[in-house]
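Quick notes on the structure that follows.
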Amino acid sequence: EAAVTQSPRSKVAVTGGKVTLSCHQTNNHDYMYWYRQDTGHGLRLIHYSYVADSTEKGDIPDGYKASRPSQENFSLILELASLSQTAVYFCASRVTGQLYFGEGSKLTVL
Amino acid sequence: QQKVQQSPESLIVPEGGMASLNCTFSDRNSQYFWWYRQHSGEGPKALMSIFSNGDKKEGRFTAHLNKASLYVSLHIKDSQPSDSALYFCAVSPDTNAYKVIFGKGTHLHVLP
């Protein structure tokens, strides 16, 4: 079973602060993704990567940066957190078309 | 930009009943269709995939794809309370096979 672990699982941040969400996968998958889940919006793609040291913008990249320093690790960075970025964030890795999701990181920005 | 729309938003079926979930997409060249299921407090998990027009059956679950009509559906036979979850349709556009776009989901409630 593919393993994708996210940290932290829950975080409270202040407006204007910096937040880093981390994702680690142990299955040698090339593709990794960051999604955001909000009630009424489903899962929206923020950034993705298909190789280390390279990231691509998804559908809602504004206010987010991504970093893929190695095949196993993919981070999502909020340089200046805003209230509108309160959501649950999911990381996923992918092989042969199937996505394997982590358990999510709940971010609350106050 | 690829659009993926799911209906209904919410669905209530009795235990043992049939649940039918619908998904439409905007790009006729889309090549990759999956259904994911998410139980409360967990990450989504892949349920099944379909790549060719027609039906694909896996146990109580049947997926149907019609690319010409831009339509994919999921039918759950003999629904169980444990099937109560949020179901997502996921589509990958032909022009960028790396990108995976999800619909907003259908909340399924199976009443005992």
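First the proteins, then the strands, lettered A, B, ... as listed; each starts at 1.
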According to a 4.5 Å side-chain heavy-atom criterion applied to Ile, Leu, Val, Met, Phe, Trp and Tyr, with indirect links allowed, do [X] and [Y] form part of one hydrophobic cluster?
| X | Y | value |
| --- | --- | --- |
| Leu99(A) | Trp34(A) | no |
| Val95(A) | Met32(A) | no |
| Leu21(A) | Tyr48(A) | no |
| Tyr71(B) | Leu11(B) | no |
| Ile76(B) | Leu47(B) | yes |

Is a side-chain N or O of Tyr32(B) found less than 3.5 angstrom from the main chain of Gly97(A), in a donor-acceptor match?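 Yes; judged by distance alone, with no hydrogens or angles, the pair exists.
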May I ask you to decide if Val100(B)'s main-chain N or O and Tyr33(A)'s side chain share a donor-acceptor pair within less than 3.5 Å?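 Answer holds: no.
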What option among Leu45(A), Asp30(A), Asp59(A) has the most heavy-atom pairs under 4.5 Å with chain B?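 Sorted descending by pairs with chain B, the first entry is Asp59(A).
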To the nearest 0.5 Å, how far apart are [atom1] in [X] and [atom2] in [Y]?
| X | Y | atom1 | atom2 | answer |
| --- | --- | --- | --- | --- |
| Gln98(A) | Lys45(B) | CD | NZ | 11.5 Å |
| Leu86(B) | Gln37(A) | CG | CD | 6.5 Å |
| Thr39(A) | His107(B) | OG1 | NE2 | 7.0 Å |
| Gln38(B) | Phe90(A) | CD | CZ | 4.5 Å |

Using non-hydrogen atoms only, which part of Leu43(A) is less than 4.5 Å away from chain B: side chain, backbone, both, or neither?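 Both backbone and side chain of Leu43(A) come within 4.5 Å of chain B.
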Where does Arg44(A) contact chain B at under 4.5 Å (heavy atoms): side chain, backbone, both or neither?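 Neither; nothing under 4.5 Å.
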Residue-level contacts of residues 79-88 of chain A with chain B, using a heavy-atom cutoff under 4.5 Å: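 The residues closer than 4.5 Å to chain B amount to none at all.
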Considering heavy atoms only, which positions within residues 101-110 of chain A lie below 4.5 Å of chain B?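 Phe101(A), Gly102(A), Glu103(A) fall under the 4.5 Å cut-off.
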If I measure from the heavy atoms of chain A, does Phe51(B) come under 4.5 Å with its side chain, its backbone, both, or neither?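 Neither; nothing under 4.5 Å.
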Winner by heavy-atom pair count (cut-off under 4.5 Å) against chain A, out of Ala46(B), Pro44(B), Gly43(B), Ser49(B):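 The answer is Pro44(B).
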